Amino acid sequence: QVQLVESGGGSVQAGGSLTLSCAASGLTISSYGMGWFRQAPGKEREFVATISVSGGATVYVDSVKGRFTISRDNTKNTVYLQMDSLKPEDTAVYYCAAGRDSRLSRSWYEYAAWGQGTQVTVSS
């Protein structure tokens, strides 16, 4: 059974940092592109970042470029999202997702497995 378990969410003040982790079981992430998405109250799920199998290629939504960093450790079967200079508009539930194959994708429907989400709240 495939499971993705996010951790590291919490409440911080604007300008602060958080690091999210996504631990996978039941699949070997080294074969899949991985991604992070987020969903704020009343809004649709939004793409945040994706990373290639090797970690050599990454794509970010414009609003987080220069502030967030996605990375992966295939030996630990874990993906990370380092979030710096957090803003109140980053407040959302953050979801980790495993792709259907090795490709990078911004589209939620290209992802086959999802975590349960972790809440990130940024206060001004």
Side-chain angles (χ1 to χ4, degrees):
Q1 180 181 357
V2 174
Q3 275 195 315
L4 301 176
V5 180
E6 301 98 336
S7 61
S11 297
V12 295
Q13 290 192 329
S17 298
L18 285 172
T19 300
L20 305 183
S21 298
C22 171
S25 60
L27 86 163
T28 303
I29 69 166
S30 59
S31 298
Y32 302 97
M34 299 294 292
W36 286 94
F37 289 74
R38 65 187 179 186
Q39 188 165 20
K43 295 189 176 181
E44 294 186 352
R45 190 167 297 192
E46 174 189 33
F47 165 77
V48 175
T50 182
I51 187 167
S52 64
V53 166
S54 68
T58 56
V59 178
Y60 298 91
V61 67
D62 286 348
S63 60
V64 309
K65 283 181 181 177
R67 300 188 299 120
F68 289 13
T69 304
I70 187 172
S71 62
R72 64 193 297 161
D73 186 338
N74 289 340
T75 66
K76 295 182 178 179
N77 227 26
T78 301
V79 180
Y80 305 94
L81 185 68
Q82 173 68 40
M83 304 186 295
D84 298 317
S85 301
L86 282 161
K87 303 176 180 180
E89 51 264 43
D90 295 319
T91 294
V93 177
Y94 283 71
Y95 297 90
C96 171
R100 299 183 187 280
D101 51 38
S102 62
R103 293 176 297 172
L104 298 173
S105 177
R106 296 173 175 261
S107 303
W108 64 265
Y109 51 81
E110 297 286 355
Y111 290 83
W114 293 82
Q116 82 289 350
T118 186
Q119 177 70 46
V120 172
T121 302
V122 185
S123 58
S124 57

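Values reported hereafter were calculated over all heavy atoms of this structure, with side chains retained and with hydrogens, waters and symmetry mates removed. Computed from a prediction, not measured in an experiment: that's the story for all the values here.
- Hydrophobic clustering of Ile, Leu, Val, Met, Phe, Trp and Tyr side chains at less than 4.5 Å, counting indirect connections, keeps L4 apart from V53.
- In terms of heavy atoms, L86 sits closest to M83 at CD2-CB, 3.8 Å.
- Between the CD atom of Q82 and the CD1 atom of I70 there is a distance of 12.5 Å, given to the nearest 0.5 Å.
- Hydrophobic cluster membership differs between V2 and V5, with clusters built from Ile, Leu, Val, Met, Phe, Trp and Tyr side chains linked at under 4.5 angstrom.
- When all heavy atoms are compared, the tightest approach of I51 to L104 is C-CD2, 3.1 Å.
- Between the side chain of S105 and the main chain of S107, a donor-acceptor pair closer than 3.5 Å is present.
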TODO: Could you give me the CA-CA distance, side-chain angles and deciding distance for E6 and Y94, then say whether side chain to side chain contact (heavy atoms under 4.5 Å, CB included) is met?
DONE: CA-CA 8 Å; E6 301 98 336; Y94 283 71; over 6 Å; no

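- Proximity of R38 to T91: side-chain heavy atoms (C-beta onward) are nowhere separated by under 4.5 Å.
- Here R72 contributes atom CZ and C22 contributes atom SG; the two are 10.0 Å apart, rounded to the nearest 0.5 Å.
- In the hydrophobic clustering of this structure, V120 does not group with Y80; members are Ile, Leu, Val, Met, Phe, Trp, Tyr whose side-chain heavy atoms approach within less than 4.5 Å, directly or through other members.
- Q13 and S123 are not linked by any side-chain donor-acceptor pair at a separation below 3.5 angstrom, with hydrogens and angles left out of the test.
- You'll find the side chain of F68 stays beyond 4.5 Å of the side chain of V61, heavy atoms only.
- Atom CG of L81 sits about 11.0 Å away from atom OG1 of T118, to the nearest 0.5 Å.
- One finds the CH2 atom of W114 at 4.5 Å from the CZ atom of F37 (value rounded to the nearest 0.5 Å).
- The pair R100-E110 does not count as a salt bridge, with every side-chain nitrogen at least 4.0 angstrom from each carboxylate oxygen.
- Minimum interatomic distance between P88 and S124 (heavy atoms only, all atoms of both residues): CG-CB, 3.9 Å.
- Note that the CD1 atom of I29 and the CG atom of N74 stand 4.5 Å from one another [nearest 0.5 Å].
- We find the OG1-CE distance between T78 and M34 to be 9.0 Å, quoted to the nearest 0.5 Å.
- The pair D90-K87 fails the salt-bridge criterion, with no side-chain N (NZ, NE, NH1 or NH2) lying under 4.0 Å from an Asp/Glu carboxylate O.
- With sequence neighbours left out, R106 forms a salt bridge (charged side-chain N to carboxylate O under 4.0 Å, His left out) with no residue at all.
- Checked against T50 for a side chain to side chain donor-acceptor pair (under 3.5 Å), the options W36, Y111, Y60 give a single hit: Y111.
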